[in-house]
Amino acid sequence: AQSVTQLGSHVSVSEGALVLLRCNYSSSVPPYLFWYVQYPNQGLQLLLKYTSAATLVKGINGFEAEFKKSETSFHLTKPSAHMSDAAEYFCAVSGGGGAQKLVFGQGTRLTINP
Amino acid sequence: DAMVIQNPRYQVTQFGKPVTLSCSQTLNHNVMYWYQQKSSQAPKLLFHYYDKDFNNEADTPDNFQSRRPNTSFCFLDIRSPGLGDAAMYLCATSNPSGGGGGEQFFGPGTRLTVL
């Protein structure tokens, strides 16, 4: 069985500051890991994904994440926050196979202070 | 552009009045999913179709049904909506044989209000 824990349901940073959103996973099989972003009243948009290639994954909008197997983590970072980054962020894990259902974390709401 | 489309974006229905939400895709993906998302929560999977095979989640209420008449379209039917069914409903697709590791492509969602 797989599970995802996102540490911090709300994160607030100043514009221009480092963004760090934490995600830890549990998986009995080699995981595929994803970060999605959701803006108000919209669907989920893929930011980046880890599928067993490079452990440092670069995504859209300047975000990146590093897969650390020893820590079972897949934290999301961005060096300099922009006001447009304010949104809800979801980490998800898939075990592959079959219909490849995703297991989501509970989400982290990112607020950017001017 | 290939995409997942949901109609309508906003739907208002009355308590107990059946409602149908629509999803279509131009990605030609095998799998289509329906999620329910309530405010400040993660999406909750209701069911999915793998080609024509329907797969219900164990805790999905019987009030929720789905149809997939062809590869491109999938419908969510709520037979007797209750106030607790007010939520955002998200449709997603994936292509398990495409090597994406389970990446799902989401539509913009339909926000359902029950009066």
Side-chain angles (χ1 to χ4, degrees), chain A residues 1-6 8-11 23 25 27 29-54 57 59-60 65 67 74 87-111, chain B residues 3-11 23 25 29-58 60 68 87-113:
Chain A
Q2 291 137 335
S3 65
V4 174
T5 301
Q6 291 182 239
S9 58
H10 290 87
V11 171
C23 173
Y25 70 92
S27 178
V29 298
Y32 299 117
L33 293 158
F34 307 85
W35 275 101
Y36 284 88
V37 61
Q38 186 177 32
Y39 298 100
N41 285 315
Q42 295 188 25
L44 276 65
Q45 179 184 7
L46 183 71
L47 277 176
L48 49 80
K49 63 182 178 182
Y50 167 77
T51 56
S52 75
V57 182
I60 62 172
F67 173 71
F74 190 57
E88 188 88 19
Y89 291 79
F90 292 98
C91 182
V93 63
S94 167
Q100 299 179 319
K101 293 191 287 187
L102 293 177
V103 176
F104 288 94
Q106 77 274 26
T108 297
R109 181 170 298 275
L110 177 64
T111 302
Chain B
M3 57 176 52
V4 182
I5 302 162
Q6 290 189 245
N7 286 306
R9 293 293 316 278
Y10 298 89
Q11 176 74 57
C23 177
Q25 54 133 340
H29 283 173
N30 297 92
V31 189
M32 295 187 76
Y33 310 80
W34 278 105
Y35 291 88
Q36 180 192 64
Q37 186 181 28
K38 297 190 174 180
S39 181
S40 300
Q41 295 183 21
K44 178 181 181 298
L45 183 64
L46 295 173
F47 27 57
H48 72 272
Y49 271 95
Y50 197 135
D51 294 323
K52 295 183 178 181
D53 293 332
F54 177 71
N55 298 269
N56 202 28
E57 294 300 299
T60 298
R68 189 179 186 185
M88 174 74 92
Y89 290 87
L90 297 167
C91 175
T93 72
S94 75
N95 181 23
S97 60
E103 177 183 354
Q104 293 185 14
F105 296 77
F106 285 81
T110 295
R111 182 164 295 283
L112 178 68
T113 299

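Labels below follow one simple rule: chain letters A, B, ... track the order of the sequence lines, proteins then strands, and each chain is numbered from 1. Hydrogens, waters and symmetry mates are skipped; everything else that's a heavy atom, side chains included, is used.
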Exercise. So, do B:Phe105 and A:Gln45 sit near enough that their side-chain heavy atoms are less than 4.5 Å apart?
Worked result: no
Problem set entry | A:Leu102 CG to B:Tyr33 OH distance, which is reported to the nearest 0.5 Å | 6.5 Å
Exercise. Is it the backbone or the side chain of B:Tyr49 that comes under 4.5 Å from a heavy atom of chain A, or both, or neither?
Worked result: neither
Exercise. Between B:Leu90 and A:Gly43, which heavy-atom pair has the shortest distance, and what is it?
Worked result: CD2-CA, 3.8 Å
Exercise. For A:Gly105 and B:Ala42, which heavy atoms make the closest approach, and how far apart are they?
Worked result: O-CB, 3.2 Å
Exercise. Given that the side chain runs from C-beta out, which part of A:Gln6 has a heavy atom under 4.5 Å from chain B: side chain, backbone, both or neither?
Worked result: neither
Exercise. Side chains of A:Gln100 and B:Gln104: is there a donor and an acceptor less than 3.5 Å apart?
Worked result: no
Problem set entry | Portion of A:Tyr50 that has a non-hydrogen atom of chain B nearer than 4.5 angstrom | neither
Exercise. Under a 4.5 Å cut-off applied to non-hydrogen side-chain atoms, are A:Phe104 and B:Leu45 in contact?
Worked result: no
For this session: Measure A:Gln106 against the heavy atoms of chain B and call it side chain, backbone, both or neither at under 4.5 Å.
Result: backbone
Seminar exercise, completed: The reported gap from OG in B:Ser40 to NE2 in A:His10 (rounded to nearest 0.5 angstrom) is 6.0 Å
Exercise. Using non-hydrogen atoms only, which part of B:Gln37 is less than 4.5 Å away from chain A: side chain, backbone, both, or neither?
Worked result: side chain
Exercise. Does B:Arg9 reach the main-chain N or O of A:Asn41 with its side chain, forming a donor-acceptor pair under 3.5 Å?
Worked result: yes
